[in-house]
Every structure is written in C-alpha cells, then in structure tokens.
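Report on the following structure.
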Protein chains: 2
Amino acid sequence: MIKILIAEDQSMVLGALSALLDLEDDFTVVATAENGEQAMSLAQQHDVDIVLTDIEMPKMTGIELAQALQRINYTAKVMILTTFTRSGYLRRAMDAGVKGYLLKDAPSDSLAQAVRQIHQGKVIVAPELITQAWGEVDPLTDKERKVLRLAYEGKTTEQISKAIYLSAGTVRNYLSEASSKLGAANRIEAARIAKQNGWL
Amino acid sequence: MIKILIAEDQSMVLGALSALLDLEDDFTVVATAENGEQAMSLAQQHDVDIVLTDIEMPKMTGIELAQALQRINYTAKVMILTTFTRSGYLRRAMDAGVKGYLLKDAPSDSLAQAVRQIHQGKVIVAPELITQAWGEVDPLTDKERKVLRLAYEGKTTEQISKAIYLSAGTVRNYLSEASSKLGAANRIEAARIAKQNGWL
DNA sequence: TAAAGGTGATGACAATTGTCATATTGGGCC
DNA sequence: GGCCCAATATGACAATTGTCATCACCTTTA
C-alpha cells in the first residue's frame, strides 16, 4: 500500500485529487494539507511514501516544502503537481531533491502511473518541460529581481527606491540593466518576461 | 439520476472532479470537455442536467459558454466552478443566466450538495462573493479596456496606437483617463487594479 | 599591496509618459 | 439646417523613465 500525503491550497481540487487517488486499490491517502506548513507537520506525524504537492501555496511553497523535507532527511519522495511550466521552477524543484514534476494539464490517469513509478525509485518529469529545462538560466541578480517585482506592481522608481533603501538612480540602473538582459523595451515587458520564466 | 457535463481545461483537475462526482450515487458524468467550444458541442449531443464549467479556458470561456447556451434556450443549468473572485466575472455570469458560482477554494464535499440544490432550481453563489458583488461597477470604456490590456503586456504607446489604429496621443489620453478613473498613478498600476476587479 | 570585481551613486540627455486644454469630425435628432 | 454628443486628434508642458559614462567604496584575491 502506497501511503500518500497531498498538499494543495484549493480545497475543491484537493478533495477531487484525493477521490481520484483513492480509486486505486494500492493507494491510500493518509493526510491532506492546504499549505506547505501544514503538510510539513503532517508529514512528520504520519509515515508517508509520497508527498504530492502544488507549488504556489500560502505560507510555504511546494518547493520550500521539498527543501525542508530534504533538510531533515525525510525519506518520502516528493512529487510536484502544478500548472507552472516555468523552467525556473523545475530547476529549483530538482535542486530540492524532488522526484517527480507533473503538470495539471496531463491526463488524470497518468497520475497514478507516475506515483507508482516514482515509488519504485524512478524520476518523472513532464515531457513538455524536459527540453526547455536546461535552456536559459535566470540572468537576474537578486536586486534586479526585487526591483522588477516592485515595478511589476506599478510602483514608481521613487517608491521602489524608498522601499528597498537605494537611490532612485540606482533603481533605474537596475531596471535598465534587467530590461537589457531580458531584451525588453521597458520595465513592464521585462517583468512579464521574467515572470513567464519563473524568475520573478 | 442527475446528468452532468464538466468543462475544465486542466486535464488532471477535470479527471479528479469527474472522479469526485462519480462517487455520488445519484450523479452521472455523461461527458467532459477541455474547452468551451467542445463543451458546447457535447452539450448539444447529450441530454444534460447540469453543465459544470471553469471560466478561463482556451477557445471559449465558461461565461461565453453560458451565454451561448442561453441563446439557444438550452435547458441545462450552468454552474461555474473557478478560482476567480473578481466581482466582474460574477456579474457577467449572472447576466448570462448562470445558476451557480462556486469557488475552487470551497470544501470539496460542498460541490455535490450545490449541484443538487441547483438541480432543484435554487441559485447558489459563493458566500465570499455575495457582499462584494454589487459593489463597484466597471468604469472603463471598451477602448480604455483594450488599450490598458496592451499596456499591461508591456507595449509602448506607439505600439498600442499601431495595434488599434488610433493616434498615439489618443492612446495616451485613454490611458490617462483610465488611470484617473481607477485612482492609479500610472498605466501599470491601472492595469493591475482593473485586472484585480475582473475588468480587464 | 595592487589589481580586479561587485555594489551603489551621480549627472546628463533623450525618449516616453502623464495631464490638460482645446480642436475636429461625424453621426443622431429636433 | 442647426445643435448636441461622442470619439478622436493635437499641442504643449512637466514628470518619469531609459541609457550611459563615470565615480566612490568595499571585498576578494593574486
């Protein structure tokens, strides 16, 4: 019997996934969580084989969850199930020791199969992502990322400079540099590109 | 037996929802679709009681689907199941004759109950949305919306003006007007506000 | 210790954007 | 026809943004 813990912040989807996996005779969903923190504590309470988690969740993302589990040498295999096709996410997930990365776009009957394969020790990555995975690397520095994130929210140069304690001129330099690295014509486009690649 | 058609673009979620609803003895999922167009044609082939659909889908949104079904006097009751809490969406859904608007955040066991109630002729709206629903009305004109959408993508005034065959000056006027209506300091913030309210 | 490299700041200039007042145009409609 | 209105344009000006060269300070490292 493969013991599964599911973490997913949309209750409806969580319940539905749980129903889907419970249909399999060799699976049992031992616990469910609506955020990463809860999943972390439930994982420690239960004996679990597979942790199936989304990425974007309140309090703790799925990737942070994987990192935290890795840090305490937790033996369960972590599997990401998400909509995000950003190569940045995949890379970070692999670094966190994740054993599977599936997309919610994949047919629902492929999930059970993937769970079994990962349980057997294989590593599964959504085919759509394999090619692009080792493509471009995030070219942004931390400062550029931070500045770009604020610009993305519509903050002006002035507001950004106050928010992160840098001079307005420096902020503009970072934005300009980011745009140029990303081949964008302005801060908005730059932010969109970064966002699309999971760099933001 | 309540006959259900499900439209949802994420296969995994579609399959999971299908599994969830099939657990109920009085339900039968007669068809599933991955976009609105497909749902439209399947609805016409099958005899269906409830159409359960997401909003954002390729080819045809859930709201457009509801409108199309309303136009041909299709008798099935349409139910929206989505993540979007934008009041704009809810309003447009109600205008399209939708009988239920649930959030994916709601507990999964509330879905079956809602389906039954809607089947009995009730109208169900997620409680989180009821209060804000009749709040602010979309203040944007069609042109403003169109211009703002392009600006949101990082297009410059010049590019926008070419895309929609208006002078650059007029585009700037529209953007300025939109910002002022929305209380935003610049186009980016304006676009974000509009987006948040489902006006974009 | 000197060279190299990273981080942040400045100044200058052009381009773009935001704002506003004021045209122009082409319907509806009395 | 004449009037009103909405949609679109223009021009002018200030503010913001994008770009670039250069400088000042620290660390790191050879």
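First the proteins, then the strands, lettered A, B, ... as listed; each starts at 1.
- With sequence neighbours left out, E34(B) forms a side chain to side chain donor-acceptor pair (under 3.5 Å) with S11(B).
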Only distances under 3.5 Å count here; give the side-chain donor-acceptor pairs of residues 110-123 of chain A to other protein atoms, sequence neighbours excluded, each with its distance to 0.1 Å.
| residue | atom | partner | partner atom | Å |
| --- | --- | --- | --- | --- |
| S110(A) | OG | P107(A) | O | 2.6 |
| R116(A) | NE | D26(A) | OD2 | 2.7 |
| R116(A) | NH2 | E24(A) | OE1 | 2.6 |
| R116(A) | NH2 | D26(A) | OD1 | 3.1 |

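- A search for side chain to side chain donor-acceptor pair (under 3.5 Å) contacts involving Q196(B) returns nothing, not counting sequence neighbours.
- Atom CD1 in I164(B) sits roughly 11 Å away from atom C1' in dT8(D) (whole-Å rounding).
- For residues 36-84 of chain A, the set of pairs meeting the ring-ring contact (aromatic ring centres under 6.0 Å, His included) definition, not counting sequence neighbours, comprises F84(A)-Y89(A).
- For L182(A) against A190(A), the heavy-atom pair with the smallest separation is CD1-O, 3.3 Å.
- In this structure, the OH atom of Y165(B) is 19 Å from the C1' atom of dA7(D), given to the nearest Å.
- The rotation axes computed at either terminus of the helix from dT1(C)-dA30(D) to dC30(C)-dG1(D) lie 20° apart, taking five pairs at each end and rounding to 10 degrees.
- Other residues sharing a hydrophobic cluster with M57(B) under the 4.5 Å side-chain heavy-atom criterion for ILVMFWY residues do not exist; the residue is a singleton.
- The backbone N or O of K3(B) lies less than 3.5 Å from a partner atom in the side chain of D49(B), making a donor-acceptor pair.
- One can place CZ of R172(A) at 10 Å from C1' of dA12(C), the figure rounded to the nearest angstrom.
- Residues satisfying the side chain to side chain donor-acceptor pair (under 3.5 Å) test with T82(B), not counting sequence neighbours, are D54(B).
- Test V78(B), V48(B), T53(B) against L5(B) for side-chain contact (heavy atoms from CB on, under 4.5 Å) and you get one pass: V48(B).
- The stretch residues 140-159 of chain B touches DNA chain C through T156(B), T157(B), each having a heavy atom under 4.0 angstrom from the strand.
- Taken to the nearest 0.5 Å, the CG atom of L52(A) stands 6.5 Å off from the CG atom of L17(A).
- Across residues 183-192 of chain A, not one residue has a non-hydrogen atom less than 4.0 Å from an atom of DNA chain C.
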Quick one: which protein N/O atoms are closer than 3.5 Å to N/O atoms of nucleotides 20-26 of chain D? Pair and distance per line, please.
| residue | atom | partner | partner atom | Å |
| --- | --- | --- | --- | --- |
| dC20(D) | N4 | N173(A) | OD1 | 2.9 |

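- Between dT8(D) and Y174(B), a contact under 4.0 Å exists linking OP1 or OP2 to a side-chain N or O.
- Under a 4.5 Å side-chain heavy-atom cut-off, the cluster of Ile, Leu, Val, Met, Phe, Trp and Tyr residues that includes I188(B) is completed by I188(A).
- Each of T157(B), L140(B), I164(B) was compared with V147(B) under the side-chain contact (heavy atoms from CB on, under 4.5 Å) criterion, and only I164(B) meets it.
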Using a 3.5 Å cut-off and no angle test, enumerate the donor-acceptor pairs between side-chain atoms of residues 59-70 of chain B and protein atoms at least two apart in sequence or in another chain.
| residue | atom | partner | partner atom | Å |
| --- | --- | --- | --- | --- |
| T61(B) | OG1 | I63(B) | N | 3.4 |
| T61(B) | OG1 | E64(B) | N | 3.1 |
| E64(B) | OE1 | T61(B) | N | 3.0 |

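- For dA9(C), the OP1/OP2 oxygens have a side-chain nitrogen or oxygen of S167(A) closer than 4.0 Å.
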